[in-house]
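Worksheet for the structure shown next.
In the text below, chain A, chain B and the rest are named by the order of the sequence lines, each starting its count at 1. Side chains included, hydrogens not; waters and symmetry mates left out as well; all remaining heavy atoms used.
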Amino acid sequence: MYSIRLEAWWAMSGAPEADFPLRDPRGQLMHELRRQLGRWEAAAPTEEAAVFSSGATAIDRLLPGGGLRYGMLVEWLSERGGSGAATLGLLTAREACRSGGTLVVIDRAQTFYPLAAAAWGIDLKRMIVVHPRSARDELWAAVQALCSPAVAAMWAAIDRLESRAFRRLQLAAQAGRTLGLLLRPARVRGQPSWADVQLWVGRKRGQNYFSRLEMNRSLFSEGKIGLTPFSGVQVRVLRSRGGRPGGAATLEIDDAAHTVREVISQHEAHPLPVVTELAAPTAGSVSARA
Amino acid sequence: MVLVASGPRGGQVAACCAAAAAQGVRPNMPLAEAQALVRELAIAPHEPHANRQALAKVAEACERFSPCVGLEEGDEPESLLLDISNLEHLWGSEKELVGQIEMWFTSRGYRVRLGVAETVGLAWALAHFGIADFGLRMDYFRQSEIQLPVASLRVADETAALLRELGIETVDQLLALPRAGLASRFGGELLRRLDQLTGAAREVIVPHRSLAALEVGCALDEPTVDRAALTHTLNQLVEQLARQLAARDQGAVLLVCLLKCTGGDTVPLRIGLFEPSANPRQLMELVDLHLETVTLVDEVNRVETRVAIVGQLGERQGELFADGWPSDPQQLAVLVNRLSSRLGYERVMRAELRASAVPERAVRWVPMTERRDKGARRMGDKETSRRKHSPCLPSPRPLLLYPQPHAVEVVCVAPDGPPQFVWLEAGRERIVHYAGPERIETLWWRGPSVRRDYYRIAIESGSHLWVFRRLTDGRWFLHGVFT
C-alpha cells in the first residue's frame with residue numbers, strides 16, 4: 001500500500017516516469033491516458049512556430065519545448081504585489097519583442113512605471129501603454145492588441161476574467177500570433193483557465209539565499225538592522241498545455257543589477273529516492289530526480 | 001537714404017540706397033560713420049516686421065504663378081521661393097513662365113533677381129549671385145564653368161570667413177573635400193547646406209498660406225438622435241472629404257466632426273490619426289468607434305466634418321516601429337487608430353524619459369497620435385539625486401509606482417534612522433532588510449520643493465517596497481512596489 005501511494009504521488013508531481021518503474025497496471029493506464037491527453041491538448045498550429053526564451057533559463061526548462069511560442073497565453077499568478085511576477089512577465093515580453101514587434105501594456109490602474117521597464121531592457125520606442133477606463137475597455141483593448149499582427153507581446157494585469165472573455169483572449173492570441181502575458185491574483189488558482197501555461201510566483205520567506213552583489217555593495221545599509229539575506233522567488237508550473245505541470249524553480253531577481261539568476265540550494269534536493277530505496281531495495285538503483 | 005536698425009551707440013545701417021553706397025556707406029556700419037561720409041543723409045527706421053508683411057503680400061500675389069509660394073527661412077526673409085515643377089505646360093515653356101514672373105515684378109517697380117534650379121539651395125545661390133542662367137540642373141551645374149562662392153550656401157558669416165581664410169573660395173572646392181573633415185571642423189550645418197544645394201538632402205518649401213481647409217457640412221431633414229442615421233450622414237461626408245484629400249495626395253491627421261444640436265450645443269468628435277490617411281473606410285471606422293463613446297442628449301440637426309490637420313500621404317510618424325517584425329507596418333497604425341478612437345487619444349501613449357530625479361516627473365506621457373514637433377524640446381527639471389554612500393551606482397526603480405504616494409506609519413530605530421516596522425493594509429510588518437537612503441532633492445527655484453529620503457525595504461512576508469521619508473515633516477510614504 002505504501003509503495004503504491006508513493007508511486008501515485010510521484011506520478012502526480014510530474015516526475016519523469018521513465019526513471020521510475022511502474023508496476024501497477026492502473027498506474028500504467030493512467031500514465032498512458034495522460035500522455036494521450038497531453039498530445040491532444042497541444043495546439044497543433046504552433047508546432048512550427050519558433051521557440052523563444054521566457055527570460056530565465058530555469059523557467060525554460062519547465063516549459064514544453066524548452067520555451068514559449070508566439071500565439072501562446074501565459075498566466076502569472078501571485079499572492080500579492082512585490083512577488084516578482086510582473087518583473088518576470090516583463091522579461092518574457094522583452095524576449096518576445098527581441099526580433100522587432102511592439103509591446104502593448106494594458107494598465108488600467110495606471111501604476112506601470114516605464115523608467116523601471118527601460119532599466120530592465122524594454123525599448124520604450126517600441127512600447128505602447130494603454131490606460132483603459134473600465135474593465136470592458138480593458139478587455140476590448142487586450143483583444144485588439146492580441147489580434148494585431150504588428151504586436152509581438154501584450155502584458156496586462158487583469159483581476160477578474162470570466163471564461164468567455166478568457167477564451168476570446170486565447171483565440172485572439174492565436175489569430176494574431178501574439179504572446180499574451182496576464183498577471184492574475186493567486187485566488188484564481190484552481191479556476192478554469194484558457195491559458196497555455198499557468199505559472200505561480202511567490203517570494204520565499206525566511207530562506208537563506210544570499211545576494212552576493214547586495215552584500216558587497218558599500219552603500220548597503222549601515223547594516224545594523226537586517227543584514228538579512230535577500231529572499232528568492234519560487235516559480236511553479238501549475239498548468240502546461242502539452243507539457244507537464246508541477247515543475248518548480250527558485251530564482252533570484254536582482255533589481256539593482258537587473259538580472260535574474262537561478263538559485264540552487266541543498267534544500268532543493270528531493271528526499272524521495274532515498275525513501276523508495278529503503279522501501280524496495282531489490283528494485284535496483286533509482287536515479288535521483290535532477 | 002539709409003535704413004537704420006537700433007543698436008548700441010546710435011544704431012547701425014541696415015540697408016542703404018545705391019547713391020549712399022557709392023559714397024562708401026555699407027550695411028552694418030555705425031550710423032555716425034555713415035553720416036560722416038554722406039552730408040545730407042535721409043534716415044528711416046528699419047522695420048523687419050513691416051518688411052515681412054510686405055513680402056507676404058507679394059507672396060500671395062505670386063500665387064498666380066505657383067500654388068506653392070513660400071518665404072525663405074530666417075528671421076528677416078528677403079527672398080520668395082516658388083515651386084514651379086510641372087507647371088511649364090500652363091505657360092508654354094519654363095523660360096516663358098520665368099519671363100512672365102520677371103515682367104510682373106518689373107511692371108510694379110521692383111527690381112528682381114531670379115534663379116531657377118532643381119533644388120532650393122541652388123536656386124537661391126543663382127538668384128543671389130547674379131548668374132542669369134535659367135533652367136539649371138545639378139548635373140549641368142557641375143559641368144558648367146559657373147563658380148559659386150561659399151557665401152551662396154546660406155551659412156553663417158563666420159563660417160564663410162573661415163573658409164575664405166583657409167583658401168576655400170568656391171562651392172566646387174568644398175565639394176571636392178572629404179565630408180568627414182568638413183563635419184568635424186565646421187559642424188553639421190555646412191554639410192546640410194551643401195546637401196541642400198546638391199539635392200542630397202530634401203528641402204521643402206513651406207507654403208506661406210496653407211490651402212483652403214477641407215470642410216463639408218450637411219443639414220439633416222429631421223433632427224434625430226438615431227445613431228444609424230447619423231452614421232449614414234457622417235459616412236457620406238467622410239467619403240466626400242476622402243475624395244478631396246486623395247485628389248490633393250494628402251491624408252487627414254486630425255478629423256473633427258461636429259454634431260450641432262437643436263438646443264444650440266455642439267458635440268465634437270475629434271479623431272486623431274497615427275499617420276495621414278485618405279481611406280474612407282478606415283476614417284469611418286474610427287468615427288464609428290468614437291461615436292459609440294458619445295452620449296447624445298439633444299437631437300442633432302446639422303453635421304459638419306472638417307480636416308483640421310493634413311499630412312502628405314506616405315509620411316510615417318512611427319518609422320521606428322517599421323523594421324524587423326515580419327508584418328505590414330500599416331497594421332500598427334490601424335491598431336493605434338482603433339485604440340485611440342475608442343478609448344480616447346490621451347489614453348494610448350508612449351513613454352518618454354525626462355531628466356528629472358523626482359520619480360513621478362521622470363516620465364512624460366505622449367499620446368501616440370500626437371505629431372512629433374521636431375523643433376520643440378521640453379526642458380526637464382534637473383534636480384539632484386544623491387545617494388549617501390555610493391553616488392555612482394544606479395538606483396533601482398520599482399515596476400509599480402503609485403501616481404500618488406500613500407501615507408504609511410513607520411517606526412524607526414532613530415529619529416532620522418532607517419525604518420524598522422511599517423503598517424500596511426494587512427497590518428504591522430517587520431522590515432527584515434533595507435537599502436538606502438537615496439536622497440532626492442529639487443532645486444528650490446525650479447518649482448515646488450521635493451526633499452525625500454528613499455528606502456528600498458523587504459518585509460517579512462516577502463514583498464519588496466519603495467518607501468520614502470519626506471524631509472520637510474518626517475512623514476513616511478509608500479511610493480512603489482518592486483513587483
Ordered numerically, the heavy-atom neighbours of chain A under 4.5 Å found in residues 422-429 of chain B are none
Minimal heavy-atom distance between B:Leu399 and A:Ala117, with the atoms involved, is CD1-N, 3.8 Å
Residues at least two apart in sequence or cross-chain that pass side chain to side chain donor-acceptor pair (under 3.5 Å) with B:Ser341, listed by chain then number, are none
Given the options A:Asp137, A:Ile106, A:Val130, B:Leu339 meets side chain to side chain contact (heavy atoms under 4.5 Å, CB included) only with A:Val130
If one checks every heavy atom of B:Leu465 against chain A at 4.5 Å, the contacting part turns out to be neither
Value for CG (B:Leu289) from CD (A:Gln144), rounded to nearest 0.5 Å, stands at 8.0 Å
Okay, B:Val348 and chain A: the region with an atom under 4.5 Å from a heavy atom over there is both
Is the number of heavy atoms from other residues, nucleotides or ligands within 6.0 Å of CZ (A:Arg187) greater than 12? yes
All heavy atoms of A:Tyr113 vs all of B:Arg397, minimum pair found to be CE2-CB, 4.0 Å
Greatest number of non-hydrogen atom pairs under 4.5 angstrom with chain A, of B:Ser463, B:Gly480, B:Gly344, falls to B:Ser463
Residues 92-119 of chain A vs salt bridge (Lys or Arg N to Asp or Glu O under 4.0 Å), sequence neighbours excluded, gives A:Glu95-A:Arg98, A:Arg108-A:Glu138
Closest non-hydrogen atoms of B:Trp365 and A:Phe112, given as atom of the first, atom of the second and distance, are CZ2-O, 4.0 Å
Between B:Gln331 and A:Pro149, the two heavy atoms sitting closest are OE1-CD, 3.8 Å
Hits for side chain to side chain donor-acceptor pair (under 3.5 Å) against B:Glu346, two or more places apart or cross-chain, chain-then-number order -> none
Is it the case that atom OH in B:Tyr345 sees more than 12 heavy atoms from other parts of the structure closer than 6.0 Å?
no
Whatever's closer than 4.5 Å to a heavy atom in chain B on A:Ala141 counts as both
Heavy-atom closest pair (B:Leu332 atom, A:Ala150 atom, distance to 0.1 Å) is N-CB, 3.7 Å
Rounding to 0.5 Å, atoms CG (A:Leu115) and CG (B:Leu401) come to a distance of 9.0 Å
Tightest non-hydrogen contact, residues A:Gln110 and B:Arg347, listed as NE2-NH1, 3.7 Å
Honestly, the part of A:Leu90 sitting under 4.5 Å from a heavy atom of chain B is side chain
| task | Check whether more than 12 heavy atoms from other residues, nucleotides or ligands sit under 6.0 Å from atom CZ of B:Arg270, and answer yes or no. | result | no
